[in-house]
Amino acid sequence: MRTLSLFRRAQSASANLAILAAFVMAGCGGTAPSTPAPQTTGQLPPAATAITIPTLPAPSSATPSLILATPPPVPAGASTAACQKPAALTPAVTEGPYFKANSPERTSLLEADMSGAPLTLTGYVFTADCQPVANALLDFWQANAQGQYDNAGYTLRGHQYTDAAGRYHLDTLVPGLYPGRTEHIHVKVQAPNGPLLTTQLFFPGSTENQSDQFYDPALLIHVQSSGSQMQATFDFVVSAP
Ligand code: FE
């Protein structure tokens with residue numbers, strides 16, 4: 001993928017080496033260490049390529065709301081017809097060591113002065129019989145464009161709930177690589193009163209996919225456009241009571 005390859009070239013080798021010690025043993029997909037994950041300062045490294053984010057919504061209350069006050073717009077081309085019965089349940093993938101509970105509720109993980117390639121990810125949460133799931137929880141977390149997690153704060157972490165039509169909308173960045181892992185976004189998905197699915201999403205065209213032990217082509221996002229603003233979709237299929 002052109003965006004990924006361009007972005008990957010923008011990453012400095014020195015930055016990767018600097019974080020190697022922190023990540024090589026833990027390897028986000030690997031077994032969680034018995035000691036706390038490496039702490040960061042919460043400050044993102046200097047921007048390699050600054051992006052401009054014109055409007056940043058203020059994080060909402062820390063108290064989750066089950067219903068979005070203003071449902072996001074319907075993504076272009078999105079349709080419940082994309083679900084084919086019986087739909088296969090979205091595969092689970094290991095949580096890794098960097099999940100943090102109590103992420104803020106927000107649909108945008110973007111903050112001022114972040115560097116990286118913007119990504120808008122949209123889609124539905126369905127049941128296996130293709131019924132959209134309203135008020136399903138989605139809790140996303142990911143590395144920044146330099147391949148680093150914020151384990152001290154909640155940068156690039158946030159949860160949200162599907163709207164009445166079962167849709168979600170996430171504004172974020174394409175995550176960076178870190179040792180042993182291809183680009184990926186972690187997510188937990190749960191229908192109301194249903195079992196919790198923990199999985200990861202992957203990016204088509206990444207040369208690191210095939211060497212990542214956790215890569216699953218069933219978890220590839222579907223890229224609609226990959227210019228300066230990557231637009232992609234992914235529909236989750238989960239068990240529901
Ligand atoms: Fe990870």
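Counting convention: from 1, in listed order, for ligands and their atoms alike.
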Considering only N, O or S atoms of His184, the one closest to the Fe ion (ligand 1): NE2
Of all pairs that satisfy salt bridge (charged side-chain N to carboxylate O under 4.0 Å, His left out), the ones with a partner from residues 115-138, not counting sequence neighbours: none
Asp212: salt bridge (charged side-chain N to carboxylate O under 4.0 Å, His left out) partners, not counting sequence neighbours: Arg181
Main-chain N/O of Asp150 paired with Arg157 side-chain donor or acceptor, under 3.5 Å: yes
Sidechain-backbone polar pair: Gln190 side chain, Lys188 backbone, donor-acceptor under 3.5 Å: no
Gln142 near the Fe ion (ligand 1) via N/O/S, less than 2.8 Å: no
Backbone or side-chain N/O/S of Tyr178 under 2.8 Å of the Fe ion (ligand 1): yes
